[in-house]
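Okay, so here's the structure we're looking at.
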Protein chains: 2
Amino acid sequence: MRLLSDSIESFIKSLLDSENMEIELRRNELAQHFQCAPSQINYVLATRFTPDHGYVIESRRGGGGFIRIVRMASTNREELLQAHYQRIGTSISTAEAARIIDNLKTEEIITPDEASLMLAALSPQAVPLPLAMKDALCAGTLRSMILSIAKRRI
Amino acid sequence: MRLLSDSIESFIKSLLDSENMEIELRRNELAQHFQCAPSQINYVLATRFTPDHGYVIESRRGGGGFIRIVRMASTNREELLQAHYQRIGTSISTAEAARIIDNLKTEEIITPDEASLMLAALSPQAVPLPLAMKDALCAGTLRSMILSIAKRRI
DNA sequence: TTCATTTAACTATCTTTGACCTTTATTATA
DNA sequence: TATAATAAAGGTCAAAGATAGTTAAATGAA
């Protein structure tokens, strides 16, 4: 028997076809449709729609809540972003981060202003924190910003 | 389905167009119009028309009462950046930070892409840190980014 | 057995409403 | 006229409703 998670994965991917780079769905509706626990949807997203898989998720809770899934196109640009993203991992020094930002600028994926902005975002982490923690924070911040760039409509 | 709060927000903003920096409305009338509880109006004002969003609210109770919504005149770029910078201080919640970023976007001091980038830079700070520390970090990061914007050649 | 999947209980966040409170203007009364 | 009552606003806050997220235990597949 086919796995539920696989069915949900296919279903979502069928919505994200060549036309739609982006879909929005209601977690509860989808769970209803597949007769499963709502958290099953989170499981599928967490295991099959991660940035490493080339997807970005946004969501909101409360009334009118939703889950938005954005597919990254596979252009050179996206591949570069993807590569940087994976390279960053869970910990990176600010020096390395600066190099990545510089590369994005050189490749004209971001403007010089944006490059400065990104560097600025990483700098205050000259706060008194253990080095390991600082690098983890740096990695988290940079990855988050790279995802934001990846989501742009270009 | 569209959210009631969003509809009310749009409605108010449509009244506050390029001509009108300031409108006056009756809370009960507006609530009537949207068939909702009067306090819903307060909710919308509290979440979408704060000073951080670039609005000031004045009101009066009793007979002839009213709510006046004033869109702050866009001070020049430097003053606005300065004001936000000082407002941030040493600690700020991500929710408030988001409002400030939104205002910078509305005032066209940063592009929508840059706004997303800044929001992204603040988001991973949803990392397990004590709240006070998180807000301090958020403040530091945002201040640093605002300085970077202030330094731009325009 | 081991790893992936599924579920359920609990948590977090955002919206909407309603009951009760405060302020201001107007009207009635001494 | 001065004061008291009443009416006509708007304000606050907490509870209920509507979503989504997290985590750990149970289950199932390889």
Side-chain angles (χ1 to χ4, degrees), chain A residues 1-12 23-53 55-70 144, chain B residues 1-12 23-50 52-53 55-70 93-99 102 119 122-131 134-135 138:
Chain A
M1 179 276 208
R2 204 171 172 214
L3 278 176
L4 217 205
S5 289
D6 291 340
S7 304
I8 297 175
E9 177 187 2
S10 312
F11 181 78
I12 293 177
I23 57 167
E24 213 173 276
L25 42 86
R26 303 309 192 86
R27 190 179 76 150
N28 287 343
E29 271 179 22
L30 196 54
Q32 187 85 49
H33 183 253
F34 283 98
Q35 291 287 297
C36 65
S39 54
Q40 177 73 30
I41 307 302
N42 297 82
Y43 176 75
V44 173
L45 295 178
T47 55
R48 292 145 158 94
F49 292 89
T50 68
D52 287 348
H53 284 106
Y55 297 89
V56 184
I57 309 290
E58 293 170 284
S59 68
R60 216 170 74 189
R61 311 184 186 193
F66 60 83
I67 296 178
R68 179 158 38 228
I69 305 173
V70 184
S144 176
Chain B
M1 179 276 214
R2 203 170 170 215
L3 234 44
L4 178 55
S5 289
D6 291 342
S7 305
I8 297 174
E9 176 187 3
S10 311
F11 181 78
I12 294 177
I23 57 166
E24 216 172 272
L25 42 85
R26 303 309 192 85
R27 190 179 76 149
N28 286 342
E29 270 180 23
L30 195 54
Q32 187 84 47
H33 182 253
F34 282 98
Q35 291 285 298
C36 66
S39 53
Q40 177 75 28
I41 307 303
N42 298 81
Y43 175 75
V44 173
L45 295 179
T47 55
R48 292 143 157 96
F49 292 89
T50 69
D52 287 347
H53 282 111
Y55 298 89
V56 181
I57 308 291
E58 295 167 279
S59 67
R60 215 166 75 192
R61 311 183 186 194
F66 60 84
I67 296 178
R68 177 157 41 224
I69 304 173
V70 184
S93 71
T94 28
E96 284 174 297
R99 269 179 244 127
D102 186 64
L119 284 173
L122 299 179
S123 77
Q125 286 151 17
V127 284
L129 272 180
L131 189 66
K134 236 166 54 175
D135 284 4
C138 181

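Here is the naming used below: chain letters follow the sequence lines, and residue numbers restart at 1 for every chain.
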Take atom [atom1] of [X] and atom [atom2] of [N], then tell me their distance rounded to the nearest Å.
X: A:R27; N: C:dA8; atom1: CZ; atom2: P; answer: 13 Å
X: B:I8; N: C:dC14; atom1: CD1; atom2: C1'; answer: 14 Å
X: A:E9; N: C:dT6; atom1: CD; atom2: C1'; answer: 16 Å
X: A:D6; N: D:dA29; atom1: CG; atom2: P; answer: 12 Å
X: B:N42; N: C:dT15; atom1: CG; atom2: P; answer: 15 Å
X: B:L3; N: C:dT16; atom1: CG; atom2: C1'; answer: 10 Å
X: A:I41; N: C:dT7; atom1: CD1; atom2: C1'; answer: 13 Å
X: A:R68; N: D:dT19; atom1: CZ; atom2: P; answer: 16 Å

Exercise for the section: Answer with yes or no whether B:R26 presents, from its side chain, a donor or acceptor under 3.5 Å of a partner atom in the base of D:dG10. Expected result: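 No.
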Practice task
Spell out yes or no: do the side chain of A:R61 and the base of C:dA12 have one donor N/O and one acceptor N/O closer than 3.5 Å?
Solution key: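 Answer is yes: a donor-acceptor pair is held.
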Mind checking [X] for me? I need base, sugar-phosphate or nothing, with any heavy atom below 4.0 Å counting as a touch.
X: B:I67; answer: sugar-phosphate
X: B:G63; answer: base
X: A:R48; answer: sugar-phosphate
X: A:N28; answer: sugar-phosphate

Handout entry: Side chain B:S93, main chain B:E96, donor-acceptor under 3.5 Å
Key =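 Yes; judged by distance alone, with no hydrogens or angles, the pair exists.
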Exercise for the section: May I ask you to decide if A:H53's main-chain N or O and A:T50's side chain share a donor-acceptor pair within less than 3.5 Å? Expected result: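 Between the backbone of A:H53 and the side chain of A:T50 there is a qualifying donor-acceptor contact (under 3.5 Å).
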Exercise for the section: Using a cut-off of 6.0 Å, state whether more than 12 heavy atoms not belonging to A:E24 lie near its atom CD. Expected result: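 Yes - once you tally the heavy atoms of other residues, nucleotides and ligands closer than 6.0 Å, there are more than 12.
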Exercise for the section: Count the heavy atoms belonging to other residues, nucleotides or ligands that lie under 6.0 Å from CD of B:Q32, then report whether that count exceeds 12. Expected result: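 Counting neighbours around CD of B:Q32, 12 or fewer heavy atoms of other residues, nucleotides or ligands fall under 6.0 Å, so no.
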Closest nucleotide among [options] to the [X] side chain:
X: A:S5; options: D:dT12, C:dT6, C:dT16; result: C:dT6
X: A:Q40; options: D:dG11, C:dT15, C:dT5; result: C:dT5
X: B:Y43; options: D:dG10, C:dT16, D:dG21; result: C:dT16
X: A:S39; options: D:dT12, D:dT22, C:dT15; result: D:dT22

Practice task
Could you tell me whether the phosphate oxygens of C:dA25, OP1 or OP2, come under 4.0 Å of any side-chain nitrogen or oxygen in B:R60?
Solution key: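 Checking C:dA25 against B:R60, a side-chain N or O does come within under 4.0 Å of OP1 or OP2.
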Handout entry: Residue pair B:R48 / B:D6, side-chain heavy-atom distance below 4.5 Å
Key =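 In short, these two side chains touch, coming nearer than 4.5 Å.
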